[in-house]
Amino acid sequence: MLTIQGLTKTYSNGVQALKGVNLEIPKGMFGLLGPNGAGKSSLMRTIATLQSADSGSITFDGLDVLNQPQEIRRRLGYLPQDFGVYPRISAYELLDHLAILKGLDQAKERKEVVEGLLAHTNLYQHKSKSVSGFSGGMRQRFGIAQALLGDPDLLIVDEPTAGLDPEERNRFHNLLVSLGEQKVVILSTHIVDDVSELCPNMAVLAGGEILLKGNPIDLTQQL
Ligand code: ADP
Ligand code: ADP
């Protein structure tokens with residue numbers, strides 16, 4: 001369970017991106033829905049310990065996220081928005097390098113992890129190709145593979161399906177749903193259908209504030 005209380009953020013240019021966000025996010029898929037500029041990425045980056053908040057708290061399984069960033073980073077996977085610039089090395093090599101940076105020092109163990117993640121994301125048959133030549137859907141699945149290094153309990157996925165064709169979107173959805181069986185998976189998006197199809201729990205963020213929260217079926221009935 002991830003708990004966010006009274007979270008505020010004003011950037012140095014004066015933009016108030018988060019205006020007191022309160023949310024409880026249980027295990028499983030959670031949809032954070034909102035239009036561009038709502039504050040979704042600001043919230044995701046704050047949970048991912050990549051930027052500070054001005055006030056408020058975030059706790060994950062008893063850890064104080066804002067004050068214990070090292071501990072949370074070990075348990076966190078993050079697929080940022082616009083993840084997509086890759087060096088011209090193979091998918092296998094790139095994931096292998098990222099695994100080394102994550103602290104997987106043992107070559108044998110690392111090979112198992114890297115091959116396992118490539119298989120899990122349906123990329124094993126493409127492991128010798130450069131990620132820079134991957135399709136949009138393959139890149140997003142690679143993004144999930146890198147986010148899963150270290151077997152995180154909390155996975156943050158920011159605007160993942162923009163620009164994917166229906167088949168790749170489906171494949172990506174299935175991957176997220178299977179991950180939601182074990183982890184807290186937060187899906188941030190402006191696409192209503194992504195949330196209504198995938199997420200038993202959701203919230204709507206707009207102008208830095210939570211407007212609605214609940215399950216998509218109840219919320220749709222209120223509209
Ligand atoms: P903070 O207030 O947390 O110090 P900054 O205002 O210094 O944040 O911005 C952090 C980074 O985000 C800077 O590198 C800045 O160029 C970049 N940035 C600025 N405006 C925007 C924006 N509207 N959207 C995304 N990134 C931005
Ligand atoms: P979303 O992900 O929902 O599109 P963001 O969190 O990116 O929303 O942006 C919320 C608001 O904060 C926007 O007005 C955006 O321009 C502004 N913003 C985002 N990042 C920065 C930054 N680093 N510095 C200054 N302003 C930012």
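Order of appearance sets the numbers: ligands from 1, and atoms from 1 within every ligand.
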Task: ligand 2 contact by Q51, heavy-atom criterion under 4.0 angstrom - done: no
TODO: Give a yes/no verdict on whether any heavy atom in G34 is under 4.0 Å from an atom of ligand 2.
DONE: no
Residue [X] vicinity, atoms of ligand 2 by number, heavy atom under 4.0 Å:
X: R45; result: 20 (N)
X: P35; result: 3 (O)
X: V15; result: 11 (C), 12 (O), 14 (O), 17 (C)
X: N36; result: 4 (O)
X: S41; result: 1 (P), 2 (O), 6 (O), 7 (O)
X: A38; result: 1 (P), 3 (O), 8 (O)

With only distance considered, is [X] within less than 3.5 Å of ligand 2 through an N or O on each side?
X: G37; answer: yes
X: A17; answer: no
X: S42; answer: yes

Give a yes or no on whether a salt bridge exists between [X] and [Y], defined as a side-chain N under 4.0 angstrom from a carboxylate O.
X: D105; Y: R110; value: no
X: K183; Y: D153; value: no
X: E197; Y: R169; value: yes
X: D96; Y: K111; value: no

Task: Side chain R139, main chain S132, donor-acceptor under 3.5 Å - done: yes
Open item on the list: Using a 3.5 Å distance criterion without hydrogens, assess whether the side chain of Q5 forms a donor-acceptor pair with backbone atoms of G56.
Closed with: no
Task: K40 and E159, any side-chain heavy atoms less than 4.5 Å apart - done: yes
Task: Shared hydrophobic cluster, L2 / M202 (ILVMFWY, side-chain heavy atoms < 4.5 Å) - done: no
Open item on the list: Below 4.0 Å, non-hydrogen atoms only: which portion of Q16 touches ligand 2? Side chain, backbone, both or neither.
Closed with: neither
Open item on the list: If we set the cut-off at 4.0 Å for heavy atoms, which region of S12 has an atom near ligand 2: side chain, backbone, both, or neither?
Closed with: neither
Open item on the list: Test side-chain contact (heavy atoms from CB on, under 4.5 Å) on I47 and I4; report intermediate values, then the result.
Closed with: CA-CA 9 Å; I47 299 169; I4 302 169; 3.8 Å; yes
